[in-house]
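Beneath this line is the structure, given in structure tokens, with notes to follow.
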Amino acid sequence: MENADVARQLGEMADILELTGGNPFKVRAYRAAAQVIDTLPEPVEEVWRRGALTDLPSIGTGIAEEIGELLATGHSPRHDELARQVPLGVLELLRLEGVGPRTVEAMWKQLGVTDLDSLEAAIADGSLARLPRMGPVRIRSIREALERYRGRGSRLPIHRALFYAEGMLGRLRKARGVIRAEAAGSLRRRMETVGDIDLLVCSEEPEAVRRAFVALPGVAKVLATGETKSSVRLEAGVQVDLRVVPPESWGAALHYFTGSKRHNVSIRTRAVRRGLKINEYGIFDRHDRRIGGEREEEIFEAVGLPWIPPELREANGEIEAAEAGRLPVLVEEADVLGDLHVHSRASTDARATIEKLALEARRLGRSYLAITDHSRSRPLGLDEEGVLRVAAEARRIERRLGGSPRLLTGVEVDILPDGSLDLPLELLAGLDWVVASIHSRFHEPAEETTARLIRAIRSGVVDLIGHPTGRQIGKRDPYPFDLGAVLEAAAACGVAMEVNAMPDRLDLNDKACRLAREAGVQVVIDSDAHNESHLANLRYGVWVARRGWLEAKDVRNTRPPGELRRRGRRTYDAAEAAR
DNA sequence: GCCGTTTTCGGCCCGACTGTTTTCAGTCG
């Protein structure tokens, strides 16, 4: 049972308790536990095996027992008992925007609405209007929420969210009365996908800002608009929330709206213990006198902590690390010197010439580039001769450009189903840089894929495992395999793991980065560029690495070209070569 | 149900906005 399954069951228990009028603090406890499990950077099963569940925040003896039952037997009696009290479809009604537990409870108990279909019927036949406080505006908004839910796409990938956010911020910064404007929320924490976009504006003229905001191009509908808070939906379907605060509250508001919720609760609880109150308007002493809040740093200072980078604010140990003076110095884009996974038009799915790629890399300030086209098992991929031809061309272009950037010869070689590589080891051993990736047979049993990856790692000619989990966000789940075992092999062989910065891959993800670091495995943040514009995507990979607590020393391509290789220099397993 | 430098009981973050009300419940973040 995966972390996500355990988290979902705990979340369902919270929903059911809430619908049946359970203790609201108990509801919150289950919800907090679900969140902890969902964002846990290792399999919950491992924590359970070593008997450490109650060491996790928000997991006490009761919920630890639930989780134990779930992992041991696949279901928990407590969950099943709760589930009998509420029809399954009722829980789904809670997913509708603007529909909460009290509304669902009333629809269910008073009207017999048990799922999306019967809600639709209750709207159509007018019976929904019989509920208290249910006027025509609410009914319309519920109907629209229902339609959106049915036709909804997944969460917005970060690069698209950023595109909208930067466009709006650019205009807001020029609007009357705007002193500062920044993105907050999950976007500022650089999550891989965001549910909505949170913008924060500093101004003494909230009314002018509000008017500018709702008039921004692309706004399809104004959902709410008040003195300090407004929400709109863009034509693209994404919701954007705006908060306007005065300068003296800027730092407090930026912290508050950056979240995460659990991080904020921890900070506030620390503040309460010190006799302080922290809200989005500032820091207040026990006489309600403002003692700070203009700068975000003051929030942390008030609770005795150094400033914590937004990417770490997930209540996953950052507060404890800050307290102990052990916050990581997170890797930055400027630390990354080169890109080690790039395709030229020698790959059938890529377009750019090596020269174009090199010039763009130089413009972006990269000092080296590995040309790693696909090998022969991909359609029209390179055979031995092709690899050598591309390598020779790379050397020629490097000379023509005066050695800036350095061009490393390489290949992205396929890991075949049995774990062997689809080019001769002698050839691979002679290249500057070898990426090995799985591009086929994603549905093998976990043991086989694990063995497949480990055999490639042990080949002695591989520098980097490309997109190690194979997932594509919103499209393809990771193939099943034992990441821990693969990391262990990679650590032993000095092979790096990729953080593929393609925004639909981001593979490894943040949690896996943290595991890699703990396993002593370096990552390489690279673009997997298929045209020159992709080279700029590196920043998305850097954000993933930062969310995974990685420092520059954990990222191999923060090193100059001469220090990239860790595998035995030009050595490889002779037995493998003979196969 | 969780948690603890006000601890094993008694708290648990809290303010903004909307729609439906004529004072506020519900939802959201």
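We name chains A, B, ... by the order of the sequence lines, and we start the count at 1 in each one. Computed over heavy atoms, backbone and side chain alike; hydrogens, waters and symmetry mates excluded.
Within the nucleic acid shown, A:Ser141 has no heavy atom closer than 4.0 Å to any nucleic acid atom. Contacts of A:Ile59 with the nucleic acid, taken as non-hydrogen atoms under 4.0 Å apart, involve only primed sugar atoms and P, OP1 or OP2. Within 4.0 Å (heavy atoms only), A:Leu96 reaches sugar-phosphate atoms of the nucleic acid but no base atom. The residue A:Tyr281 sits close only to the backbone: its heavy atoms come under 4.0 Å of sugar-phosphate atoms, none of a base. Here A:Ser230 lies out of heavy-atom contact (under 4.0 Å) with every strand. Using a 4.0 Å heavy-atom distance criterion, A:Ser231 is classed as making no nucleic acid contact. Contact annotation for A:Thr103: backbone-only contact, meaning every heavy-atom pair under 4.0 Å involves sugar-phosphate atoms and none involves a base. As judged by a 4.0 angstrom heavy-atom cut-off over every strand, A:Pro24 is placed among residues making no nucleic acid contact. Residue-level contact check: A:Asn264 touches neither bases nor backbone, having no heavy atom under 4.0 Å from any strand. Here A:Arg268 lies in heavy-atom contact (under 4.0 Å) with a base. Using a 4.0 Å heavy-atom distance criterion, A:Val27 is classed as making no nucleic acid contact. Using a 4.0 Å heavy-atom criterion, one finds that A:Pro132 contacts no nucleic acid atom at all.
Comparing B:dT8 with B:dC2, their C1' atoms sit 12 Å apart, to the nearest whole Å. Nucleotides B:dG26 and B:dT21, compared at atom P, are 13 Å apart to the nearest Å. Separation of the P atoms belonging to B:dA16 and B:dG11 is 25 Å when rounded to the nearest angstrom. Taking atom P in both B:dT6 and B:dG1, the straight-line distance is 27 Å, to the nearest Å. B:dT22 and B:dC28 have their P atoms separated by 24 Å, given to the nearest Å. Look at the C1' atom in both B:dG19 and B:dT23: the space between them is 13 Å, to the nearest Å. Distance check on atom C1': B:dC9 versus B:dG15 gives 29 Å, rounded to whole Å. Atom P of B:dC3 sits at a distance of 13 Å from the matching atom of B:dC13, rounded to the whole Å.
Pairs passing the salt bridge (charged side-chain N to carboxylate O under 4.0 Å, His left out) check and including a residue from residues 220-231 of chain A, sequence neighbours excluded, read A:Glu144-A:Lys221.
Counted by atom type alone, A:Arg210 and A:Ser230 present zero donor-acceptor pairs between their side chains at under 3.5 Å. At a cut-off of 3.5 Å, with distance as the only test, no side-chain donor of A:Glu192 or A:Tyr540 sits close to an acceptor on the other residue.
Sequence order on DNA chain B of the closest nucleotides to A:Glu97 and A:Ala224 puts A:Ala224 first from the 5' end. Toward the 5' end of DNA chain B, the nearer of the two residues A:Phe25 and A:Ile139, judged by each one's closest nucleotide, is A:Phe25.
Under the Watson-Crick or G-U wobble criterion, with both distances below 3.5 Å, B:dT8 has no partner in any strand shown.
Partners of A:Arg143 according to the side chain to side chain donor-acceptor pair (under 3.5 Å) rule, which considers only residues two or more places apart in sequence or in another chain, do not exist here.
Taking a 6.0 Å sphere around CZ of A:Arg171, one finds it holds 12 or fewer heavy atoms contributed by other residues, nucleotides or ligands. Within 6.0 Å of CZ in A:Arg50 there are more than 12 heavy atoms belonging to other residues, nucleotides or ligands.
Glycosidic torsion of B:dT5 falls outside 90° of 0, placing the base in anti.
Salt-bridge annotation for A:Arg546 and A:Asp510: absent, with no side-chain N of the basic residue lying under 4.0 Å from a carboxylate O of the acidic one.
On the nucleic acid side, DNA chain B contacts chain A at distances under 4.0 Å to non-hydrogen atoms, with the end points of that region at B:dG1 to B:dG29.
Only one option out of A:Arg514, A:Arg547, A:Arg190 pairs with A:Glu314 in a salt bridge (Lys or Arg N to Asp or Glu O under 4.0 Å); it is A:Arg547. When A:Arg270, A:Arg295, A:Arg274 are each tested for a salt bridge (Lys or Arg N to Asp or Glu O under 4.0 Å) with A:Glu301, only one passes: A:Arg295.
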